[in-house]
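Structure first, commentary second.
Reckoned from all heavy atoms, side chains included, excluding hydrogens, waters and symmetry mates.
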Amino acid sequence: MHSVHHAHNYFRSYGFANKPLILFASFLFFWTLFDGMVSFFTPILITQKGFSVFTMGLIYSTSSIFGALFDILISKFFSNVTYKRFIYALLLLSFGFPLLLFNAYNAFLFIVAMAVWGIYYDLKMFGKFDFVAKKVGESERTSSFGLINVFEGLGYLIAPFIASFVLVLSISWYPLAFNYFFLSLASLLFFASLISLKGKGVKPSFTSKENKSRSFTKEFASWYKVFKKIKPLLILSLLLTILDAFYWTVGPLVIEHFNNVLLGSLFLTCYMLPGLFTGFLWAI
């Protein structure tokens, strides 16, 4: 949950002592501004090429399929990759994605773009978890994830607001300029976090034995055991994800028909806003 209550608790407890973490969270803030903007423009670009809303939804959904396939492969072949390599790959694909997306003109090219999107989003997830595991003490990890999630939530809150105004200007080079501006700031902050670390790390909270390759059959069997234990949570997560995907897929198309630019810019922003404050309910 992207509640600012988590950020409040973090700074109250630790202040600005962990500069690498704050820089890393700031990097993710600007990266989510970039990702939020391309998420906003993707359904618009696809439908403007003559595809129906139904076909657009099918193309859009392939990003999740490629992401899931990538998750399976990365767990089997890239289990020892560190967060630095994840983020390097993330930034490389992120810089290439807008050019591919904005220049796509048929279903195949859009699906290729969706594949890149699905992969780099998961690279962000792996990089984030590995960074916290290696650079944050065990007792601080929960609050650190809360801080990072708040920064990401703020990025996704602001991105559609900016994108709505950019949409009024043009669908050509203005979105690309904003995308690369935010992505460049994100890259600078990531490298600043690397510089601030200067070899800092934490003692691993567990020791792993030799990493043995597992067959896909055994891997899926393990997933099934986990599924049975957390099935209600997974079903709830699925329903919330469907709701979230609905707003981010259909929302930009609805905003196109708003006569009032300010009102349209607040459509997705208002959807994202409540989640930033729900954490305070637990503090009452």
Side-chain angles (χ1 to χ4, degrees), residues 1-14 16 18 20-42 63-64 67 83 86-87 90 94 117-118 120-132 136 140-166 178-179 181-183 185-187 189-190 193 233 236-252 255 265-284:
M1 185 178 293
H2 309 307
S3 171
V4 292
H5 180 63
H6 297 304
H8 174 262
N9 284 341
Y10 179 88
F11 286 114
R12 187 177 61 180
S13 300
Y14 306 106
F16 293 88
N18 195 337
L21 174 67
I22 296 172
L23 286 169
F24 189 81
S26 301
F27 144 68
L28 286 176
F29 167 72
F30 284 104
W31 183 87
T32 51
L33 279 177
F34 153 77
D35 188 59
M37 287 196 68
V38 294
S39 299
F40 182 93
F41 286 111
T42 295
S63 63
S64 298
Y83 76 92
F86 282 134
I87 302 301
L90 163 68
S94 295
W117 194 10
Y120 83 56
Y121 187 85
D122 284 5
L123 285 170
K124 185 266 295 188
M125 296 296 294
F126 290 126
K128 177 175 70 174
F129 283 112
D130 193 59
F131 176 86
V132 173
V136 177
E140 301 175 22
R141 286 174 187 167
T142 301
S143 57
S144 298
F145 275 121
L147 178 69
I148 289 174
N149 287 341
V150 169
F151 276 64
E152 289 182 303
L154 286 171
Y156 285 121
L157 173 74
I158 298 171
F161 183 79
I162 299 174
S164 299
F165 283 95
V166 175
F178 275 88
N179 284 334
F181 173 70
F182 292 135
L183 196 54
L185 289 178
S187 301
L189 285 165
F190 173 68
S193 71
L233 181 61
L236 176 62
S237 178
L238 174 65
L239 295 175
L240 290 175
T241 303
I242 291 174
L243 177 65
D244 193 63
F246 173 80
Y247 274 92
W248 277 95
T249 305
V250 180
I255 290 172
S265 67
L266 292 174
F267 181 80
L268 279 172
T269 300
C270 289
Y271 166 69
M272 298 295 297
L273 187 61
L276 285 169
F277 297 97
T278 49
F280 282 109
L281 296 176
W282 301 104
I284 299 176

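- When all heavy atoms of Asp122 and Gly67 are compared, the pair lying nearest together is OD2-O, 2.8 Å.
- Phe145 places a side-chain heavy atom less than 4.5 Å from the side chain of Val132.
- Asp130 places no side-chain N or O within donor-acceptor distance of the main-chain N or O of Phe126, the cut-off being under 3.5 Å.
- Contact annotation: the side chain of Pro160 never approaches that of Tyr271 to less than 4.5 Å [non-hydrogen atoms, C-beta and beyond].
- Interatomic distance, Glu152 CD to Phe27 CZ, rounded to the nearest 0.5 Å: 9.0 Å.
- Below 30°, between 30° and 60°, or above 60°: for Trp248 and Tyr156 the angle between ring planes is above 60°, a perpendicular geometry.
- Smallest separation of non-hydrogen atoms from Ser94 and Phe34: O-CZ, 3.4 Å.
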task: Go through the steps to decide whether Tyr83 and Phe86 satisfy the test ring pair (Phe, Tyr, Trp, His ring centres under 6.0 Å), and finish with yes or no.
output: CA-CA 5 Å; Tyr83 76 92; Phe86 282 134; 9.0 Å; no
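- Annotation: side chain of Val166 is in contact with side chain of Ile162 (closest heavy-atom distance under 4.5 Å).
- Of all heavy-atom pairs between Thr42 and Val38, the closest is OG1-O, 2.5 Å.
- For Ser237 (side chain) and Leu233 (main-chain N/O), no donor-acceptor pair under 3.5 Å exists by modelled atom type.
- Note that CD1 of Ile22 and CG of Leu189 are 12.0 Å apart. Values are rounded to the nearest 0.5 Å.
- Gly127 approaches Ile87 most closely through the heavy-atom pair CA-CD1, 4.1 Å.
- Separation of atoms CE (Met37) and OG1 (Thr32) is listed at 12.0 Å; rounding is to 0.5 Å.
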Stepwise ring pair (Phe, Tyr, Trp, His ring centres under 6.0 Å) test for Phe165 and Phe161: CA-CA 7 Å; Phe165 283 95; Phe161 183 79; 5.3 Å; yes
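- Side-chain N or O atoms of Thr269 include one that pairs as donor or acceptor with a backbone N or O of Leu157 at under 3.5 Å.
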- prompt: Taking it one step at a time, do Phe29 and Ile158 satisfy side-chain contact (heavy atoms from CB on, under 4.5 Å)?
  reply: CA-CA 10 Å; Phe29 167 72; Ile158 298 171; 4.0 Å; yes
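- Using a 4.5 Å heavy-atom threshold, the side chains of Ser39 and Trp117 count as touching.
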query: Given Tyr121 and Ser63, is the side-chain contact (heavy atoms from CB on, under 4.5 Å) satisfied, shown in steps?
result: CA-CA 9 Å; Tyr121 187 85; Ser63 63; over 6 Å; no
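- Taking every heavy atom of both residues into account, Phe24 and Ser193 meet most closely at N-CB, 4.0 Å.
- Contact of the Lys124 side chain with the Asp35 side chain is not registered, since no non-hydrogen atoms from C-beta on lie closer than 4.5 Å.
- Residues Leu123 and Lys128 have side chains not in contact (no heavy-atom distance under 4.5 Å, counting atoms from C-beta outward).
- Thr249 contributes no side-chain N or O that, together with a main-chain N or O of Phe246, makes up a donor-acceptor pair within less than 3.5 Å.
- Of the options Phe182, Tyr120, Phe151, a ring-ring contact (aromatic ring centres under 6.0 Å, His included) to Trp31 is made by Tyr120 and by none of the others.
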